[in-house]
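All chains are named by letter (A, B, ...) in the order of the sequence lines, taking the proteins before the strands, and each is independently numbered beginning at 1.
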Number of protein chains: 2
Amino acid sequence: MSRNSSAADTELLGTGRIQSVERALRILRAFTEPGQRLTVAELARRLDVHKSTASRLAATLVSAGFLERGGENDPLVLGPQLVRLGRLAVSGRSLPEIARPVMDELAAQLGETVTLSVPDAGQALTIGQSEGTFAVGLQNWLGKRAPLHATSDGKVLLAFGAATLPAGELSARTPDTIVDRAALDAELAQLRERGWGSSRGDFELGLNGVAAPILLPDGTCRAALCLSGPAYRVRSDDLAALAARVAFAARRIAALLDLAPPLPDPQDA
Amino acid sequence: MSRNSSAADTELLGTGRIQSVERALRILRAFTEPGQRLTVAELARRLDVHKSTASRLAATLVSAGFLERGGENDPLVLGPQLVRLGRLAVSGRSLPEIARPVMDELAAQLGETVTLSVPDAGQALTIGQSEGTFAVGLQNWLGKRAPLHATSDGKVLLAFGAATLPAGELSARTPDTIVDRAALDAELAQLRERGWGSSRGDFELGLNGVAAPILLPDGTCRAALCLSGPAYRVRSDDLAALAARVAFAARRIAALLDLAPPLPDPQDA
DNA sequence: CGGATGCGTTGCGCATTACGCGACGCGGTG
DNA sequence: CACCGCGTCGCGTAATGCGCAACGCATCCG
C-alpha cells in the first residue's frame, strides 16, 4: 500500500516523530482565526489524508477537550482545554515571547515592522521585533539601544515613568530631534494625555514611528510597543490611526501579562 | 507482545480514538501548575508507558511548538503554540466558559462557592457557578435570579452601572435587607470607592457574600464575580480579605475577556 | 419527488507504524 | 570508580492506525 504517499507531506517527519500525533497537532495548528470553525472534510483536505483519518483524529481531540463541536456533528472549534493550557503557557514566559504573537499579527496586518522596547541604562532597549512585509523597512534592531528623547517608544517610556532621562545635553540625532527639555516635557505631557507617542524623523530623517505603552494593571509602564517605517508609508496624517491599532495591540499584550501569575498565594480565610 | 497491557489505561479508549494521539494529549494535560517543568521520565511514569515512547511523543510535541525544552535535553514546559491557540480558543466562547477555570481555581482555594452574575430584567442572573468544597454551601443557583439590592453581586452591578433598579419599593428579603434608597445609594458609593461589595444576611439570614466587578477595559461592568457562604465560615471580619481574592480573580477574568477579539478590522493605512 | 452531491461515521483487512526492549552516552553522587 | 537516573536511538514485532468503501443523513435542484 502506498498509504499517504503524497509527495513530502509538507514537512517530512524527522527522526522519532510520531505521524498520527503530528497530524493531530497540525489539525490544531490549522486554526488561525478567532472563532474559526473547521469541518472534518476541510481538515482532511488540508492534511491530505482520508476523511476517516481526519474524523478519528478529530474525535480524539474532542474527547480530550482540545476541540469541541457545536452540535452532534459538523463544526469544530478550539476547545476549553486550550484555554486552560494557554493560560498556563503564558506563565513563566518572557515578555517578548508573550508579545510575539500579537506583534506578528500587527506587523502582518499593517505591513510595517513592530518593535518592543524596555528602558535600559537610560536608553530604550529593543527586546522584540516582528518584521513587516515591505522590502524597505526597519533593520534588525534587536538588542540595540536608542535614545529616549528621539524615538517614539523612548518618549512613551519617559512619559509613563518607566524611564528617566540621563542628565546632560539632549543629543541631536537629526535637525528635527527635540533638544530643548521644556519642549520635550510639553510633548510628553501631550503624549500622556492622548496615550501614544510619535517620532517624525527625529531619530533618523525619513523614519517615522508611533508607540504605545504596555501598562500593567497598577498603571506602571512595563514596555513600549512601537511601529516604525519610512515616512512615505507611515505618513504624518496616518499616525493617529496607526497609533490606535498599536495601542490596541499593546493593551492586548498587557492583558496577556496579567494572566501570567496564577491566583495569589494560598492563605485562606 | 502485550504492549501497554497495563490494566485499563485509566480510561479505556472508546471507538475510533487514536492511542498515540491520546497519549500525546495526556502529556499536555499533565501540566497543571504555571511554569511547571516535567521530565520525560516523569511523564513516562504518569502515562505508564516506556521511556522511549514518552520521549518520542515529547519530541513530536516539541517539534510542533506545543512543548518546549530549556536546554538540549531535560526540562519540558508548555510551548508558544499553546499561547497562540489559547488566545484563539478564548474567542467565540461565552463568558461563563471563559470564567470557569478561574472560578474553579478560586472556589478550590477558598472552599466556598463562587458565582458569576449579569444583570437581567432588573435582577441579577447567575450564569456561572463553581462549587466549594464544604458540604454546607450555596445551592445550585445557575439560571436563577436574585434582587439587585439584596445581594453582593447585585450591588456591584448597580454600583458600576451595569444594572438599574426597577421602580417601586425595595423588597425586604430579611430584616437586614436595605430598603431605604438613600441608605442603598450610600452603600453603593462606598462600594464603588473600595471596589467590592458585600452582603451580610440581607438576602438570606446566615448567608454572607462578597462580590467584585468584571470590568472591561473601557470601564464598563460586564458581570459580577461573587463568593458566598454561611456566615459562620464567611465571617464579617474576613470579608475584606476575601474580597481581595475575589477582585483579583475578577481582574484575571477581565484580562481573558480582553483577549477575545483579535486585532481590529482590517483597514490599512 | 427522487437523484445527486457532500458531509461525518463505522467495519474491515492489511501493512505501516508505533511500540517495548535494550544498549549507549551523560551528568551527578556516594 | 561504580552507581544511579536521565534521554535518545536501532531493532524486530505485532498491534495499531490507516485507506477503502459502504452507510446514514442532510441539502440542493431538476
Side-chain angles (χ1 to χ4, degrees), chain A residues 1-27 30 36-64 66-77 79, chain B residues 1-27 30 36-64 66-77 79:
Chain A
M1 190 200 287
S2 66
R3 201 99 172 237
N4 173 34
S5 57
S6 73
D9 207 45
T10 304
E11 42 180 342
L12 68 169
L13 41 124
T15 325
R17 307 229 292 261
I18 293 163
Q19 189 192 51
S20 51
V21 174
E22 282 223 316
R23 288 175 169 175
L25 298 181
R26 212 175 314 160
I27 286 186
Q36 194 172 9
R37 297 154 33 113
L38 289 173
T39 69
V40 170
E42 173 63 19
L43 289 170
R45 253 172 273 131
R46 298 206 193 184
L47 300 195
D48 193 31
V49 296
H50 199 269
K51 282 190 305 178
S52 62
T53 303
S55 171
R56 281 185 275 254
L57 289 168
T60 309
L61 287 164
V62 166
S63 84
F66 286 76
L67 289 182
E68 219 174 17
R69 9 191 41 147
E72 174 70 16
N73 280 349
D74 255 26
L76 284 165
V77 286
Chain B
M1 191 201 287
S2 65
R3 202 110 172 220
N4 175 35
S5 56
S6 73
D9 208 46
T10 305
E11 41 181 342
L12 67 168
L13 42 124
T15 328
R17 306 229 293 262
I18 292 164
Q19 190 191 55
S20 49
V21 174
E22 283 223 314
R23 288 176 170 176
L25 298 182
R26 211 175 314 160
I27 285 186
Q36 193 172 10
R37 296 153 35 112
L38 290 174
T39 70
V40 171
E42 173 62 20
L43 289 170
R45 252 171 274 132
R46 296 206 194 183
L47 301 196
D48 194 27
V49 295
H50 197 269
K51 283 189 306 177
S52 63
T53 303
S55 171
R56 281 185 276 253
L57 289 168
T60 309
L61 287 164
V62 166
S63 84
F66 286 75
L67 287 182
E68 220 174 18
R69 6 193 42 151
E72 175 70 16
N73 279 349
D74 254 27
L76 284 166
V77 282

Which whole-number value in Å describes the distance from [X] [atom1] to [N] [atom2]?
| X | N | atom1 | atom2 | answer |
| --- | --- | --- | --- | --- |
| A/Leu76 | C/dC7 | CG | P | 13 Å |
| A/Leu47 | C/dG8 | CG | P | 13 Å |
| A/Leu67 | C/dG8 | CG | C1' | 15 Å |
| A/Leu43 | C/dG8 | CG | P | 9 Å |
| B/Glu22 | D/dA15 | CD | P | 19 Å |
| A/Arg37 | C/dC7 | CZ | P | 15 Å |
| A/Arg56 | C/dT9 | CZ | P | 11 Å |
| A/Leu57 | D/dT16 | CG | P | 16 Å |

Closest approach of [X] to [Y] (non-hydrogen atoms, all atoms of both residues):
| X | Y | value |
| --- | --- | --- |
| B/Thr60 | A/Arg17 | OG1-CA, 3.4 Å |
| A/Val77 | A/Arg37 | CG1-CG, 3.4 Å |
| B/Ser20 | B/Leu57 | O-CD2, 3.7 Å |
| B/Gln36 | B/Ala30 | OE1-O, 3.9 Å |

Taking only N and O in the side chain of [X], is any of them less than 4.0 Å away from OP1 or OP2 of [N]?
| X | N | result |
| --- | --- | --- |
| B/Ser55 | D/dT8 | yes |
| A/Arg69 | C/dT9 | yes |
| A/Arg23 | C/dT17 | no |
| A/Ser20 | C/dA18 | yes |

Look at the side chain of B/Arg17 against the base of D/dG17 and say whether a donor-acceptor pair falls under 3.5 Å; ignore hydrogens and angles.
no

Which of C/dG20, D/dG19, C/dC19 is nearest the side chain of A/Ile18? It is C/dC19

Proximal nucleotide (of C/dG22, D/dT16, D/dC18) relative to the A/Gln19 side chain
D/dC18

Taking the nucleotide of DNA chain C with the nearest heavy atom to each, does A/Pro75 or B/Ser52 sit closer to the 5' end?
A/Pro75

Residues at least two apart in sequence or cross-chain that pass side chain to side chain donor-acceptor pair (under 3.5 Å) with A/Glu42, listed by chain then number, are A/Arg45, A/Arg46

Could you go through nucleotides 3-6 of chain D and list every protein N or O atom that sits under 3.5 Å from one of its N or O atoms, giving the distance for each pair?
{"unit_1": "D/dC6", "atom_1": "OP1", "unit_2": "B/Arg45", "atom_2": "NH2", "d": "2.8"}

Set of side chain to side chain contact (heavy atoms under 4.5 Å, CB included) partners for A/Ser55, sequence neighbours left out
A/Val40

From B/Thr39, B/Ile27, B/Leu61, B/Leu43, residue fulfilling side chain to side chain contact (heavy atoms under 4.5 Å, CB included) relative to B/Leu76
B/Leu43

